[in-house]
Structures are given as C-alpha cells and as structure tokens.
Amino acid sequence: MMSSPLLSSSCLRILPRLLRRNISYVERIRFLQRLKEQDSVCTSHIPDGKFLLYSQSKPLLRVDKANTEDAIVWLTYPEVTRYYPHADDSSVLVDVAMDGTARYSVQVGALPRTTKDELQSATGATFTDLRVALFMVCWRDAHTLSRANSLHLWNRNSAFCGKCGALTERSAAGHSRKCRNCSMTNYPSAVPVGIVLITDSAHQNIVLVRQPRTPRGMYSCIAGFSDVGENLEQTVHREVAEEVGIEVSSVRYVASQHWPFPGSLMAGCFATAEKQELTIDERELEEARWFSRDEISGAVERITSNPYLRLRGKTCEELLIPPPGAIAYHLISHWVKGTPIEEIYHHIY
C-alpha cells in the first residue's frame, strides 16, 4: 500500500505508474500528506506528475468541453517544460488523482505571445478567466481550480514573514513557508464565510439580494465573512440583521464550498424568518426581495439550461441566480425541489 511507512521515496515514485488502477481514498490522502510534508518525496514525483497551468490566474481549459470532466487540461511534465522550463521551481501540489498520480499546478505568468499561441493550439484549450472557468466545470473540478489558484496567490503574497519581516522559503509542495530568520512556519488557510438561504415559515418564499457589482437581474443568497470569535450561526444571524434588517431562527448547515475570491470557505445554510418588510444596508446591497416558489423555479430552469446567462455583459430581463458552480445555486435549487436538508450534501457531492 502507498500509505505504508516502510515504502521508500523511490518506491512511492514508481507506484502510480505500476498500479494503473484506482486506489482508495485513505491511500490517496496519506500519500498526499507525505507529498506535503517531505520535500524529497514531492520533488521525486514531479517528472511523473500531471500539471494544470495558469497564466495570470487564468486556468488552461478546453472551452468546447465545458461542463464535462474533460474541460481541465492536465499536461505531462515533458509537455509543460517544453513551454515553461521553470515548472520545478514554481509548481504547487494540488492533489492525488484516483490512480495515484500526483497532480501539480504551475503559474506560468505572461508567456510570450508565440509560446502562448502554440500551447493553446497544441492543447485545443484557452487560458480562461477564473470566474468564468468555475462555471464551466463540474463541482469537483471547480474545487480543484479554486485550490490551485489560492495556493498560487498565497505563495505570492507570503514571501515575507508576518512576524519579523524576513524572507520566507516555500516547501516543495507550496503548502507551507518557513521564515529564514525566525524559523516560524506559515500555512495557507481559508477565510470562513456564512452564506444563507432565508425561507419563510411556510417555505413558500425566500429572500435573495442583489449587489451593485453583479450582472443585471442577478440575485443570490446573503453572505458575509465571520468575525473573530463568532461561530457559524452567529455569523448568519449578524449578516442577515446587517444586510436586510430581520432576525432569523433555525440556522441549519447544509454544505460548503471553497471559493477563490479571495480564498474563502463558503458554509451554506438554511434559516427561517417571518415574511416581513426588508430594510437593506445600502452600502452593501442594491436590492433585497422576497421571491415566490414559482419565480425561483423559473430562474433555476433558466440558469441550469444556460449557465452563461450570469456573465457580466449578458443581458437578461428576467430573474437570474448563480449557476451550478456556486453553492448558492445548490441551496436555491434544492429548496425548489424540496430536497430534505440532510440529503442535499449527497446530491451535491
């Protein structure tokens, strides 16, 4: 087994090539842990790894394969180094594939135009805006894109120690950075965010809000960052009171999603409130409304059939909600379907 402590680094390197079969979740996680913690093990797997490329935070995707498992382009090490020779120095570890292959991501920056054109032509793919990309892939792959980009940004923004200001040195996996002066080690983390769908007591209406920066007609769930010392329930109660001026009860956790803007853990919840007049915080919101089940049913159908309706610049005179790549979509759509809360997680994952 790959998780056995008796296996050497050299054995670990050749195992994925020899197995050619899916390995268990526990094997993958324990292998991933070794890759994170042992620089020699991580670097030894780079030549046999698969690579997801980013150029200026835009992942390389096959646009014509949108909403399939083939949208993300995974390149071999020889393929990557043909276009970007510095992959060894800048790659971050993303995960371990089902067959035991270590998967990395490389931020190639602004490639020369001829190199970029050649790469995109050879792969049939395009470096795609991440906000668009997250809605072009399946739920699992959206997390992969989010994780990789967040690791790149964290390493870029953590070059100096927050304690003494000295330079930090990254691990081979890119999952930690150690200060060269005081030896303090830092690790990437996600900022918790509560996102909530508010229903009335009869479960026939929900509250959705609109922010000024979102596309025309676009409404979503109330969301906000947790304050220091708050639990999730307190975050939800406070954000709802701040943004729409009502008090909720029965806060129930549903599912979560990592979101790379800027690097958040979105904890999706349901909560209940009496149907009443909303008073919005105009610094945060442009509008907030109660919507009926019929209104929401139509919006779910529209965005499910065409996820690109929500993109900036698109015009739509009807109600829009976030597309399937967002946790808000699943909260809203499963409310419409009447899925029991305890079962929603299994439908999402």
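In what follows, residues are counted from 1 in the order of the sequence shown. Values reported hereafter were calculated over all heavy atoms of this structure, with side chains retained and with hydrogens, waters and symmetry mates removed. Since the model is a prediction, treat every value here as computed from it, not as a measurement.
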* Any sub-3.5 Å donor-acceptor pair from Asp141's side-chain atoms to Val137's backbone N or O? -> no
* Give a yes or no answer on whether the side chain of Arg170 reaches the backbone of Ala172 with a donor-acceptor pair at less than 3.5 Å. => yes
* Asked: Yes or no on side chain to side chain donor-acceptor pair (under 3.5 Å) for Tyr329 and Ser220, after CA distance, side-chain angles and deciding distance?
  -> CA-CA 8 Å; Tyr329 167 86; Ser220 188; over 6 Å; no
* Asked: Does Arg131 make a cation-pi contact with Phe261, if we ask for NZ or CZ under 6.0 Å from the ring centre and within 45° of the axis?
  -> yes
* Near-ring test His45/Tyr77, centroid separation under 6.0 angstrom -> no
* Do Val108 and Tyr83 have side chains that get closer than 4.5 Å, going by heavy atoms? -> no
* Criterion side chain to side chain contact (heavy atoms under 4.5 Å, CB included) on Ser201 and Glu274, from CA distance to verdict -> CA-CA 6 Å; Ser201 56; Glu274 292 302 317; 3.8 Å; yes
* To do: May I ask you to decide if Ala97's main-chain N or O and Thr101's side chain share a donor-acceptor pair within less than 3.5 Å?
  => no
* Asked: Are Glu286 and Arg210 within salt-bridge range, i.e. N to O under 4.0 Å?
  -> yes
* To do: Output, in order, the C-alpha distance, side-chain angles, deciding distance and verdict of side chain to side chain donor-acceptor pair (under 3.5 Å) for Glu27 and Ser24.
  => CA-CA 5 Å; Glu27 287 177 301; Ser24 74; 3.2 Å; yes
* Structure fact -> One should read off an interatomic distance between Leu60 CG and Leu145 CG, to the nearest 0.5 angstrom, of 10.5 Å
Listed pairs under 3.5 Å, donor-acceptor, residues 336-348 side chains, sequence neighbours left out:
{"residue": "Thr339", "atom": "OG1", "partner": "His334", "partner atom": "ND1", "Å": "3.0"}

* Are Thr214 and Gln211 close enough, and set up right, to give a side chain to side chain donor-acceptor pair (under 3.5 Å), and what steps lead you there? -> CA-CA 6 Å; Thr214 55; Gln211 296 178 322; 5.9 Å; no
* Please answer: with hydrophobic residues joined when any side-chain heavy atoms are less than 4.5 Å apart, are Leu134 and Ile332 in the same cluster? => yes
* May I ask you to decide if Leu93's main-chain N or O and His175's side chain share a donor-acceptor pair within less than 3.5 Å? => yes
* Spatial distance of atom OG (Ser333) from atom CD1 (Ile296) [nearest 0.5 Å] -> 11.0 Å
* Return yes if some donor-acceptor pair links the side-chain N/O of Thr68 with the main-chain N/O of Asp70 below 3.5 Å, else return no. => yes
* Structure fact -> Grouping ILVMFWY residues whenever side-chain heavy atoms fall under 4.5 Å, the cluster of Phe160 otherwise contains Leu167
* Main-chain N/O of Arg302 paired to Ser305 side chain as donor or acceptor, under 3.5 Å -> yes
* So, do His152 and Tyr54 have ring centers that fall under 6.0 Å from each other? -> yes
* Asked: Any ion pair linking Asp129 and Lys58 (charged N to carboxylate O, less than 4.0 Å)?
  -> no
* Asked: In this structure, are over 12 heavy atoms from other groups packed under 6.0 Å from Gln234 atom CD?
  -> yes
* Asked: Can you tell me if Ser297 uses its side chain to pair, donor with acceptor, with the backbone of Arg293 under 3.5 Å?
  -> yes
* Asked: Could you go step by step and tell me if Glu118 and Arg82 meet the salt bridge (Lys or Arg N to Asp or Glu O under 4.0 Å) rule?
  -> CA-CA 11 Å; Glu118 183 183 352; Arg82 174 182 174 184; 2.9 Å; yes
* Asked: Less than 4.5 Å apart, any side-chain heavy atom of Pro322 and any of Ile303?
  -> no
* Asked: Is a salt bridge present between Arg238 and Glu230, judged by a nitrogen-to-oxygen distance below 4.0 Å?
  -> yes
* **Verdict with supporting geometry, Val209 and Ile280, side chain to side chain contact (heavy atoms under 4.5 Å, CB included)** => CA-CA 9 Å; Val209 300; Ile280 69 170; over 6 Å; no
* What is the distance from atom CG of Leu35 to atom CZ of Arg103, rounded to the nearest 0.5 Å? -> 13.0 Å
* Can you tell me how far the NZ atom of Lys116 sits from the OG atom of Ser121, to the nearest 0.5 Å? -> 14.0 Å
* Return yes if some donor-acceptor pair links the side-chain N/O of Thr235 with the main-chain N/O of Asn231 below 3.5 Å, else return no. => yes
* **Side-chain touch Phe51/Thr76, heavy atoms, less than 4.5 angstrom** => no
* State yes or no: do Leu75 and Ile46 share one hydrophobic cluster built from I, L, V, M, F, W and Y residues joined by side-chain heavy-atom distances below 4.5 Å, directly or via other members? => yes
* Does Phe291 share a hydrophobic cluster with Leu285, counting links as ILVMFWY side-chain heavy atoms below 4.5 Å and allowing steps through other members? -> no
* **Cluster check Phe270, Ile195: I/L/V/M/F/W/Y, side chain < 4.5 angstrom** => yes
* **Stepwise side chain to side chain donor-acceptor pair (under 3.5 Å) check, Tyr219 with Glu287** => CA-CA 9 Å; Tyr219 288 78; Glu287 190 179 358; 2.5 Å; yes
* Show your reasoning for whether side chain to side chain contact (heavy atoms under 4.5 Å, CB included) applies to Ser105 and Ser91. => CA-CA 5 Å; Ser105 180; Ser91 63; over 6 Å; no
* **Ile222 side chain near Ile198 side chain, heavy-atom distance below 4.5 Å** => yes
* Asked: If only atom types and distance count, is the side chain of Ser158 paired as donor or acceptor with the main-chain N or O of Asn155 below 3.5 Å?
  -> no
* Full working for side chain to side chain contact (heavy atoms under 4.5 Å, CB included) between Leu53 and Leu119 -> CA-CA 11 Å; Leu53 269 58; Leu119 171 59; 3.7 Å; yes
* Are Val236 and Val244 grouped together when hydrophobic residues (ILVMFWY) are joined by side-chain heavy atoms under 4.5 angstrom apart? -> yes
* Using a cut-off of 6.0 Å, state whether more than 12 heavy atoms not belonging to Glu301 lie near its atom CD. => no
* Asked: Taking 4.0 angstrom as the limit, do Arg62 and Asp64 come out as a salt bridge?
  -> no
* To do: Enter the distance from Glu239:CD to Cys269:SG here, rounded to the nearest 0.5 Å.
  => 12.0 Å
* Rounded to the nearest 0.5 Å, how far apart are SG of Cys138 and CD of Glu69? -> 5.5 Å
* Asked: Under the criterion side-chain contact (heavy atoms from CB on, under 4.5 Å), which of Asp200, Leu208, Ile206 is the partner of Trp290?
  -> Asp200
* Is there a side-chain contact between Asn186 and Ser176, using heavy atoms and a 4.5 Å cut-off? -> no
* To do: For ring-ring contact (aromatic ring centres under 6.0 Å, His included), just list the numbers for Trp139 and His330, CA-CA rounded to whole Å, side-chain angles, deciding distance to a tenth of an Å, and then say yes or no.
  => CA-CA 11 Å; Trp139 180 257; His330 296 281; 4.7 Å; yes
